[in-house]
Amino acid sequence: SWREARRAGGEGKMLVHLFSDNAPTEDVYSACALLRENIPDAEYLGSSASGNLLDGAVTEHPLVVSAILFEDPSSTAIPHFLPVEDYDATRFRQALHAFDFTGVKAAEVVLTIDSVPIYEVCRILEEEIPHSIPIFGGGAFGDNHFAAFVFAKGTDVQRNGLVLTLYGGEHLYAQNDVVMGWKPLGQPLKVTRASGKVIYELDHRPAYEIYHHYLRIPNDANLFYNALEFPFLLESGRVPLLRHALSCGEDGSLVMSTGIPEGSIIHTTYGDPETILNNVQNS
């Protein structure tokens, strides 16, 4: 059991991640209560997910829990929930100013992808967190059946915000790499009409026509999951960015995971497992 592993591990601390793919909220709370009861000094955070992995493979289990047990007593990982409701850039900066980043070796960010202005939040994180600290993480997803959420030890499930976990320790070292396993598919496309998270036109045609014409993705309740396999690749100044569609409007527009500026050049892509594995191994 984890409790036995924790005892065998000596003085090292534990960080636990919980991922819920439409698991009942009471099950999530029960799992957290078990952690507090059996390993009271363990830190934990969690989020919704659009699919779970177990032992390196996709699983149908709606709730997956994983743990990191630090060997060195000086190593720490402490999650902090930051609300981002009614987004205010100044207030968000002030919240980050309250943190002391001395001794921090890495920062993990997990945020509700459908209710947070991701680009703006990530830009401020990059500006406010010292550049010597690698930042990594991901988005908490929801779908037609459940809303995205995050939480940290000491908070209930939260629909708008992010969890910032700060890793530190005298002998802890961290390095992050960009792994891109999606390959461009077809000709480049220009975003000719867009506003916020909505793309109305690509090459002066309704955005959804691209998915329908080239990929035969139907406009139904499963569009979100089908589109996950064929995200758009956005050409940017530093690294390529992936953006995926959440839903389709009656006018053929696509609601995206985050905003894509009008005039941007994008590509449809497909996931290539061999490329993904090679990139990971070469990182």
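Values below: all heavy atoms of this structure, side chains included; hydrogens, waters and symmetry mates excluded.
- A donor-acceptor distance shorter than 3.5 angstrom exists from the side chain of D88 to the backbone of R91, with no hydrogens or angles considered.
- Contact check for N219 versus Y208: side-chain heavy atoms found under the 4.5 Å cut-off.
- Judged by distance alone, with hydrogens and angles left aside, the side-chain atoms of R93 form no donor-acceptor pair with the main-chain N or O of A89 at under 3.5 Å.
- Judged by distance alone, the side chain of S253 and the main-chain N or O of Y200 form no donor-acceptor pair under 3.5 Å.
- No donor-acceptor pair under 3.5 Å is formed between the side chain of T112 and the backbone N or O of A148.
- Each of F224, W182, F230 was checked for a ring-ring contact (aromatic ring centres under 6.0 Å, His included) with H244, and the lone residue meeting it is F224.
- Sparse packing is recorded around CD of E60, with 12 or fewer heavy atoms of other residues, nucleotides or ligands lying under 6.0 Å away.
- Y214 pairs by the ring-ring contact (aromatic ring centres under 6.0 Å, His included) definition with nothing, not counting sequence neighbours.
- A donor atom on one side chain and an acceptor atom on the other are found under 3.5 Å apart for Y44 and R36.
- The distance between the ring centers of F99 and H80 falls below 6.0 angstrom.
- Through direct or relayed side-chain contacts under 4.5 Å between Ile, Leu, Val, Met, Phe, Trp and Tyr, V58 connects to L53.
- Counting only distance, with no hydrogens or angles, the side chain of K13 and the backbone of L69 share no donor-acceptor pair below 3.5 Å.
- Every ring-ring contact (aromatic ring centres under 6.0 Å, His included) that Y167 has, sequence neighbours left out, goes to F136.
- Judged purely by atom type and a 3.5 angstrom limit, R159 uses its side chain to pair as donor or acceptor with the backbone of A147.
- A ring-centre distance under 6.0 Å is not found for F92 and H97.
- A distance-only check finds no donor-acceptor pair linking the side chain of T269 to the backbone of K183 [under 3.5 Å].
- Using a 4.5 Å heavy-atom threshold, the side chains of H267 and L185 count as separate.
- Rounded to the nearest 0.5 angstrom, S20 OG and N52 CG are separated by 7.5 Å.
- At least one donor-acceptor pair closer than 3.5 Å links the side chain of E262 to the backbone N or O of A194.
- F151 and I78 are not part of a single hydrophobic cluster, where members link through side-chain heavy atoms under 4.5 Å apart.
- A distance-only check finds no donor-acceptor pair linking the side chain of S264 to the backbone of I260 [under 3.5 Å].
- When side chains are defined from C-beta on, D203 counts as touching L189, because their heavy atoms get closer than 4.5 Å.
- To the nearest 0.5 Å, atoms CE (M256) and NZ (K197) are separated by 11.0 Å.
- The pair R123-E120 meets the salt-bridge criterion, with a side-chain N (NZ, NE, NH1 or NH2) lying under 4.0 Å from an Asp/Glu carboxylate O.
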Subject >> Steps toward ring pair (Phe, Tyr, Trp, His ring centres under 6.0 Å) verdict (F232, Y211) >> reply: CA-CA 10 Å; F232 288 121; Y211 270 145; 5.3 Å; yes
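- Checked by atom type, the side-chain pair H17/E108 shows a donor-acceptor distance below 3.5 Å.
- Remark: side-chain polar atoms of N226 are paired, donor with acceptor, to backbone N or O of N222 under 3.5 angstrom.
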